[in-house]
Structures are given as C-alpha cells and as structure tokens.
Colleague: 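What follows is a single structure, and I will ask about it in a moment.
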There are 2 protein chains.
Amino acid sequence: MTDTRTRLLDGALATLRDKGIAGTSARTIAAAAGVNQALVFYHFGTVDELLAAACAHGATARVAAYADRFATVTSLAELLQVGVELHEEERAEGNVVVLAQILAGAQAEPKLAPAAAAALNLWIAEIETVLHRVLADSPLGPVLDVPGLARSVSAAFIGFELYDGVDPDGAARAMSALAQLGALLTLVEDLGPTTRRLLRSRIRKATTGS
Amino acid sequence: MTDTRTRLLDGALATLRDKGIAGTSARTIAAAAGVNQALVFYHFGTVDELLAAACAHGATARVAAYADRFATVTSLAELLQVGVELHEEERAEGNVVVLAQILAGAQAEPKLAPAAAAALNLWIAEIETVLHRVLADSPLGPVLDVPGLARSVSAAFIGFELYDGVDPDGAARAMSALAQLGALLTLVEDLGPTTRRLLRSRIRKATTGS
DNA sequence: GTCTATAGAGGGATAGAC
DNA sequence: GTCTATCCCTCTATAGAC
C-alpha cells in the first residue's frame with residue numbers, strides 16, 4: 001500500500017466521477033492523481049484492473065461511512081430518509097456515480113463485471129440487514145423476499161443517480177414521491193390487529209399457489 | 001431521411017449496446033452501419049449529435065412498440081408483469097441498455113443530457129398514464145404523487161438493466177421479489193370498505209402536516 | 001452523397017535509464 | 001519505484017477527388 005497506489009485509486013475515482021467511463025484513461029487518471037502515466041501499468045497491469053480495484057476501494061469506504069446510519073434505521077420511512085441523505089451526499093462526493101460508470105463500462109467489458117457486482121453487493125448486504133430488521137414485525141415480513149428486495153432497492157438507487165445527472169428536478173420529484181409513499185406505507189403497517197389477521201390469512205391463501 | 005442516416009442511427013444503437021459508451025466512436029459506429037466513417041460527420045456533425053439523435057430514434061420506436069401493452073394494464077401487478085416482459089425483451093433487443101449507456105455518458109458530457117432526459121421522458125409519460133389509471137380507485141390514489149412515482153419507476157428500471165449486466169441471477173431475484181410484492185400489495189388494496197375508510201381518514205390526518 | 005487520404009491529438013503498453 | 005521516451009494504434013475532423 002504505497003502512497004502512489006492510493007493516489008492512483010483516488011485519481012481513478014475522481015476521473016470516473018468527472019469524466020465518466022468514456023473519458024477515463026491511464027493518462028487522465030495519472031493526471032488526476034498527480035503521478036506518472038507509466039505507473040498505472042506498473043502498479044495495476046492494465047487500466048481495467050485499476051478501475052476494478054478503485055471500485056472496491058471506493059465502495060468499501062463509502063459503505064463503512066454509512067454503516068452507523070444504517071444501523072439506527074428501524075422503519076421503512078427512516079430507510080428512505082437515509083436513502084435521500086445518501087443520494088445528496090454521494091452526489092457531491094460522487095461515489096455512487098462512480099459505481100454507475102463502472103456498471104455502464106462492465107456491460108461491454110466482462111473484466112469489470114465481477115468488480116462492479118462485488119461493489120454493489122456491499123451495498124446490498126447493508127440494505128438487506130436493514131430490511132430484515134425493519135420488516136421483522138410487519139404482517140408482510142415473513143413472506144417477503146428480503147434479499148431480493150435489497151437487490152431491487154440497490155439497483156434502483158443506481159438508476160436514480162443516473163437520472164439525477166440528466167434531470168435534477170425530475171429526480172428530486174421522484175425522490176420526494178418515494179418519501180411520501182414511505183410515510184403512507186407506515187400507515188398501512190399500523191392497521192389494527194383485526195386487519196393484520198385478515199391480511200395474514202389472505203397472504204397464506206395467496207402464497208400456497210406459488 | 002436517406003437510407004444512410006437510418007443505417008447510422010441503427011448502427012449507433014447497436015454499437016452502444018455491444019461496446020458501451022466507452023467503445024463507441026465514429027469508426028465503430030460506421031463499421032456497424034456498414035458505412036464510411038466520414039459520413040458520420042457529414043450527416044450529424046459530431047459523434048455526440050449522432051448519439052443524441054440515435055437515442056431519440058431508439059426510444060421513440062421502443063415506446064411505440066409497448067404502447068399497446070401499457071394500454072391494457074389495469075393493476076399494479078399487471079404493470080409489474082409488463083415490466084418483467086419489457087426487461088426480458090429489451091435486454092435481448094438492447095434498447096434500454098442503450099439508454100443506460102447514454103445516461104452514463106451524459107453525466108460527463110452535458111451535450112448528451114437533454115437527449116437522455118427526453119428519451120427517459122417518453123417512458124415516464126407512458127408509466128405516468130398507466131399509474132394514474134391503476135391508482136384511480138385506490139385509497140392511496142388521491143394523495144400519491146403519480147408523476148413523481150412514474151419518474152421513480154423509470155429511473156429504477158435503468159438501474160435494473162445495469163445490474164442485470166453484471167449479475168443476472170441477482171437481477172432475476174430482485175425482479176421476482178418485486179413481482180411478489182406487487183401481488184401482496186394487491187391484497188392490501190382489496191381490504192374491506194371499513195379498513196379503506198380508516199386508511200383514508202389516517203391519510204387525511206397525516207397529510208395535513210406536509 | 002460518398003469515397004480516400006491525412007492531419008493532429010490521445011490512447012495502451014513497454015523498454016530502459018536512474 | 002519512478003521517470004523519459006517511444007511504438008503503434010485509434011480517435012475526431014477535415015480536405016478534396018469523384
């Protein structure tokens with residue numbers, strides 16, 4: 001872990017954020033890192049391998065930075081609130097946007113795919129833990145596919161960041177609509193015990209067929 | 001609308017799908033179109049303008065191809081079903097993936113942003129119409145921000161396509177979790193009139209504060 | 001409208017001095 | 001580990017023949 005290695009990793013993240021996957025090269029990364037261009041190949045072999053390493057580097061750091069906040073979430077509405085914060089902070093910091101760029105690159109470059117999937121899985125694991133806790137005493141909890149929903153939420157978030165880049169007003173509206181939906185779902189959750197029993201029996205009937 | 005123009009538009013879409021935004025250039029597009037490279041600049045001025053035109057071209061065609069199916073949707077579960085179909089067909093055809101690549105490129109290239117936003121807006125408009133119809137007689141309908149939700153759904157879909165490219169199994173699980181969630185929400189919607197009244201009054205109380 | 005040819009910049013990657 | 005220098009390829013864009 002020499003200093004140059006981390007400079008290159010951070011330079012790669014900055015370049016992906018500022019110039020996108022199409023504008024990212026050994027030369028642009030080296031310039032952002034303040035480092036000689038040949039060192040990209042000395043330390044990482046190829047540009048793609050540097051991008052893969054940077055992807056893991058950035059995601060690990062950001063997930064760790066949010067671990068505390070995820071740990072305090074106890075309701076769907078709170079999860080959405082953390083999501084809004086994450087959206088705003090990460091857009092300034094730019095690390096979710098970086099993941100989106102890696103994902104875009106990985107569609108055509110199979111070598112990037114495992115790194116992109118691994119980075120996304122770090123986020124998914126966090127969300128999964130939170131969802132499991134939040135849905136524990138919901139009538140829907142026992143029948144929901146929590147790992148699947150965590151994947152949905154994480155993937156959807158990537159789409160939000162890309163949307164925000166081309167239409168910030170639209171993205172803000174989308175975000176507030178979800179926050180409102182979260183608040184309303186809380187009301188549904190808080191129905192009386194009679195309704196909860198009714199729901200539960202219906203769920204049992206409906207799920208015996210699938 | 002000469003033949004060469006459309007060949008270039010289709011070639012651009014094919015190149016974005018197969019090589020991603022990072023692998024898309026006047027040369028690769030011309031090769032895919034079976035056309036001379038200089039014609040890119042003769043017909044469209046720059047590569048970015050060709051990409052912007054191709055984006056509109058592709059989105060218009062695909063939204064039109066789905067208009068019939070969107071028109072028949074009458075429930076949230078059906079909307080999700082069409083979403084699953086769209087996901088599977090468009091991944092083969094590749095046109096939503098193309099939009100994702102344009103969105104990724106637009107993050108760093110402002111000239112692409114209006115085209116990307118316009119293409120996404122075509123999808124959003126369709127979803128908005130459907131959501132409006134589907135939620136019309138739901139107790140939540142009157143208070144939901146339908147345009148905002150349509151934007152959420154559309155943006156989320158882009159994220160799904162990118163996720164599918166790096167982890168098809170995870171994406172499939174995410175998709176089926178959503179389908180299951182849709183089915184369960186239908187049960188909530190079908191609660192008795194008493195519960196619906198209760199919900200409605202709670203909603204009124206809760207929304208007077210915002 | 002279409003082609004060839006080319007200028008000029010930027011790209012990945014390596015060799016070899018230090 | 002770091003640097004310079006370089007090879008060879010690809011890129012955008014244009015000029016000019018047809």
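The sequence lines fix the lettering, A, B, ..., with proteins before strands; numbering per chain opens at 1.
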Colleague: Any side-chain donor-acceptor pair under 3.5 Å between A:E78 and A:T74?
Modeller: yes
Colleague: Among side-chain atoms of A:E89 and A:Y66, is any donor-acceptor pair under 3.5 angstrom?
Modeller: yes
Colleague: Indicate whether OP1 or OP2 belonging to C:dG11 is found under 4.0 Å from a side-chain N or O atom of A:S25.
Modeller: yes
Colleague: Assuming nearest nucleotide by heavy-atom distance, tell me which of B:Q37 and B:Y42 is located more 5' along DNA chain C.
Modeller: B:Y42
Colleague: Under 4.5 Å between any side-chain heavy atoms of A:F160 and B:S152, yes or no?
Modeller: yes
Colleague: Hey, what bend do you get for the helix from C:dG1-D:dC18 to C:dC18-D:dG1 if you fit axes on five pairs at each end, rounded to 10°?
Modeller: 0°
Colleague: Need one value for B:A26: base, sugar-phosphate or nothing, where a base atom within 4.0 Å counts as base even if backbone is also close, heavy atoms only.
Modeller: sugar-phosphate
Colleague: Check the phosphate of C:dG12 against A:T46, side-chain N and O only, distance under 4.0 Å to OP1 or OP2. Yes or no?
Modeller: no
Colleague: Between A:R151 and A:E128, is there a side-chain heavy-atom distance shorter than 4.5 Å?
Modeller: yes
Colleague: Check DNA chain C against residues 101-112 of chain A and give the residues with a non-hydrogen atom under 4.0 Å, in numerical order.
Modeller: none
Colleague: With heavy atoms under 4.0 Å as the rule, sort A:V40 into base, sugar-phosphate or nothing.
Modeller: nothing
Colleague: So, does B:T28 use its side chain to make a donor-acceptor pair with the main chain of B:G23 at under 3.5 Å?
Modeller: yes
Colleague: Closest-nucleotide mapping onto DNA chain D: is A:V35 or A:R27 further toward the 5' terminus? I mean the 5' end.
Modeller: A:V35
Colleague: Would you mind checking if A:E93 and A:R17 are paired as a salt bridge, meaning a charged N to carboxylate O distance below 4.0 Å?
Modeller: no
Colleague: Please report the closest heavy-atom contact between A:M175 and A:H87, naming both atoms and the distance.
Modeller: CE-CG, 3.3 Å
Colleague: Does atom NE2 of B:H132 have more than 12 heavy-atom neighbours from other groups under 6.0 Å away?
Modeller: no
Colleague: The side chain of B:T4 is closest to which nucleotide in this list: C:dA13, D:dG1, C:dT2?
Modeller: C:dT2
